[in-house]
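Remarks on the structure that follows.
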Amino acid sequence: MTRLTPLPPAADGRDPARDLERFRADVLRGLAGPARELPCKYFYDERGSRLFEEICELEEYYLTRTELAIMRRHAAAMAESLGPRCLLIEFGSGSSLKTRLLLDRLHKPAGYVPIDISGTHLAGSARLLAARYPGLEILPVCGDFALPLQLPASAEPPERHVVYFPGSTIGNFGPTEAAPLLGRIRRLCGPGGGFLVGVDLQKDRRMLERAYNDSRGVTAAFNLNILRRINRELHADFRLEDFEHLAFYDERHGRIEMHLVSRARQTVHVGGVAFDFAAGERIRTECSYKHTVEGFQTLVAPAGMELSERWTDENNLFAVLLFRAGH
């Protein structure tokens, strides 16, 4: 019988009131700076999570289908490399579609720990997985994986911990932000553990920019949804129709940037604080770094993990990389 633990308060010690206060502080700080920005983790309320799943189905968004093709072709080899009785810890679990390809092939996994910032989305995904995998202990954690996390203990002692970070979400962390995150991943892995990560590779800018400017406008709706969420949760008065989506590739930094651009001169209030916007002024909402395999190895190396295996598609658009933590 599947063991599905109830969704507890977040394992990083968060609670709803503290979440809201952190959200407010992050938004106020981001809008007050000389270069306005909002943390991309706040895209993922319930509506934002649904919109992102819709993005993943778009023709222009090559990332998901390419990573899925890699997983379908090589999941058995990945499972063999991870070994039996591993505890699989997934960052940003979402719908766990790629994870199912891996779980189908793992030998006697000790358990599965999906971590996601959207509690509603996480609970639904965990229930579906519980029905699919009888006998697998599922320990969902509603939390922000960018912060320190204390994981729940599995009933069966694992042979090793494996952190699975699919979807190229690691690209949302620039070199400065990635270093502490990779250090925390190394500690979660423990001696001899594994880090299996999806990495979007550098490529032609036209292909990159099409992926973030789809013809149906789903990515634009996803981007604008962060303002909708701020209005709802922080009692702001953003007029969504007065902002437009902008995404472009910054070759110097090797990253896609997403912005919201003010269409006119306007004043917006967030929790009683006024912010003046000039026409054309931007709020940066996301950076998505694109890597080479060698460059990503260099990024991970200071955390004490070495590249063990690599799997890519035939066009070298995307890579799934396995790192081993030192003993």
Side-chain angles (χ1 to χ4, degrees), residues 12 14 19-20 22-33 35-56 58 61 63-64 90-95 115-119 121-122 142-147 165-182 184-185 197-200 208-209 211-214 217-234 236 238 240 243-250 253-261 270 282-291:
D12 59 4
R14 298 183 312 130
D19 275 358
L20 187 62
R22 183 177 291 137
F23 183 24
R24 180 182 293 108
D26 286 347
V27 168
L28 293 177
R29 181 169 52 249
L31 293 179
R36 301 184 197 261
E37 60 183 344
L38 294 169
C40 63
K41 64 185 178 182
Y42 294 121
F43 282 138
Y44 297 98
D45 61 357
E46 186 177 359
R47 184 174 187 270
S49 295
R50 288 198 308 270
L51 283 168
F52 184 70
E53 289 194 2
E54 191 174 343
I55 288 169
C56 292
L58 294 170
Y61 198 76
L63 292 89
T64 302
E90 184 177 3
F91 281 11
S93 55
S95 64
I115 302 170
D116 201 279
I117 200 167
S118 173
H121 206 66
L122 176 65
C142 181
D144 182 353
F145 55 72
L147 301 173
F165 199 5
S168 79
T169 308
I170 190 70
N172 292 146
F173 296 83
T176 302
E177 297 84 11
L181 174 65
L182 290 166
R184 287 192 289 273
I185 288 171
V197 57
V199 178
D200 194 20
L208 286 166
E209 291 185 347
Y212 292 82
N213 292 282
D214 66 273
V218 183
T219 309
F222 174 72
N223 198 8
L224 285 161
N225 185 63
I226 198 169
L227 301 185
R228 187 189 306 273
R229 181 179 182 185
I230 292 168
N231 282 350
R232 184 180 69 250
E233 297 186 24
L234 301 182
F238 280 101
L240 273 63
F243 287 85
E244 62 183 346
H245 166 75
L246 172 69
F248 60 88
Y249 185 57
D250 178 347
H253 292 100
R255 69 192 186 195
I256 283 281
E257 291 191 13
M258 289 210 319
H259 296 256
L260 292 167
V261 184
V270 182
R282 301 175 182 178
I283 307 170
R284 191 173 68 190
T285 53
E286 183 177 36
C287 288
S288 182
Y289 287 81
K290 311 305 175 183
H291 296 278

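Because the structure is predicted, anything quoted here is derived from the model rather than measured.
Contact annotation: the side chain of Asn231 never approaches that of Arg228 to less than 4.5 Å [non-hydrogen atoms, C-beta and beyond]. Taking the side chain as every heavy atom from C-beta outward, Phe145 and Thr169 approach each other to under 4.5 Å. A 4.5 Å side-chain heavy-atom check between Thr285 and Tyr42 finds every atom pair outside the cut-off. Two residues are said to be in side-chain contact when any heavy atoms from C-beta on lie closer than 4.5 Å; Asp116 and Glu90 fail this criterion. When side chains are defined from C-beta on, Asp26 counts as touching Lys41, because their heavy atoms get closer than 4.5 Å. By the 4.5 Å heavy-atom criterion applied to side chains, Leu234 and Leu28 are not counted as neighbours. Asp144 has its side chain out of reach of Asp19: every pair of non-hydrogen atoms, C-beta onward, lies at least 4.5 Å apart. Between Leu38 and Val27, the closest side-chain pair of non-hydrogen atoms falls below 4.5 Å.
Separating the CZ atom in Phe243 from the CG atom in Leu240 is a distance of 8.5 Å, to the nearest 0.5 Å. In this structure, the separation between CG on Asn172 and CZ on Arg255 is 11.5 Å, given to the nearest 0.5 Å. Here Ser168 contributes atom OG and Lys290 contributes atom NZ; the two are 5.0 Å apart, rounded to the nearest 0.5 Å. Taking CZ of Phe165 as the start and CG of Leu182 as the end, the distance is 9.0 Å to the nearest 0.5 Å. The CD atom of Glu244 sits 10.0 Å away from the CZ atom of Arg282 when rounded to the nearest 0.5 Å. How far OG1 of Thr219 is from CG of Leu224: 11.0 Å, rounded to the nearest 0.5 Å.
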For this session: Please test Tyr61 against Val218 for side chain to side chain contact (heavy atoms under 4.5 Å, CB included), starting from the C-alpha separation and ending with a verdict.
Result: CA-CA 11 Å; Tyr61 198 76; Val218 183; over 6 Å; no
Exercise. How far apart are the C-alpha atoms of Ile256 and Glu286, what are their side-chain angles, what is the distance that settles it, and do they pass the side chain to side chain contact (heavy atoms under 4.5 Å, CB included) test?
Worked result: CA-CA 8 Å; Ile256 283 281; Glu286 183 177 36; over 6 Å; no
For this session: Decide side chain to side chain contact (heavy atoms under 4.5 Å, CB included) for Ile170 and Leu181; before the verdict, give the C-alpha distance in whole Å, the side-chain angles of both, and the deciding distance to 0.1 Å.
Result: CA-CA 9 Å; Ile170 190 70; Leu181 174 65; 3.9 Å; yes
Exercise. Yes or no on side chain to side chain contact (heavy atoms under 4.5 Å, CB included) for Glu54 and Asp214, after CA distance, side-chain angles and deciding distance?
Worked result: CA-CA 11 Å; Glu54 191 174 343; Asp214 66 273; over 6 Å; no
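Under 4.0 Å is where a charged nitrogen must lie from a carboxylate oxygen, and between Glu46 and Arg50 at least one such pair does. Under 4.0 Å is where a charged nitrogen must lie from a carboxylate oxygen, and between Asp45 and Arg232 at least one such pair does.
Checked against the 6.0 Å centroid criterion, the rings of Phe248 and His259 qualify as a close aromatic pair.
Side-chain N/O atoms of Tyr212 and Ser288 include a donor and acceptor closer than 3.5 Å.
Here the rule is side-chain contact (heavy atoms from CB on, under 4.5 Å) with Asn223, and of Leu260, Ile283, Leu51 only Leu260 fits it.
Between Ala247 and Met258, the shortest heavy-atom contact is CB-CG, 4.0 Å. For Ile115 against Gly143, the heavy-atom pair with the smallest separation is CG2-O, 3.9 Å. In terms of heavy-atom proximity, Tyr249 sits nearest to Gly254 at OH-CA, 3.4 Å.
Phe222 and Phe43 have tilted rings, their planes meeting at an angle from 30° to 60° on a 0 to 90° scale.
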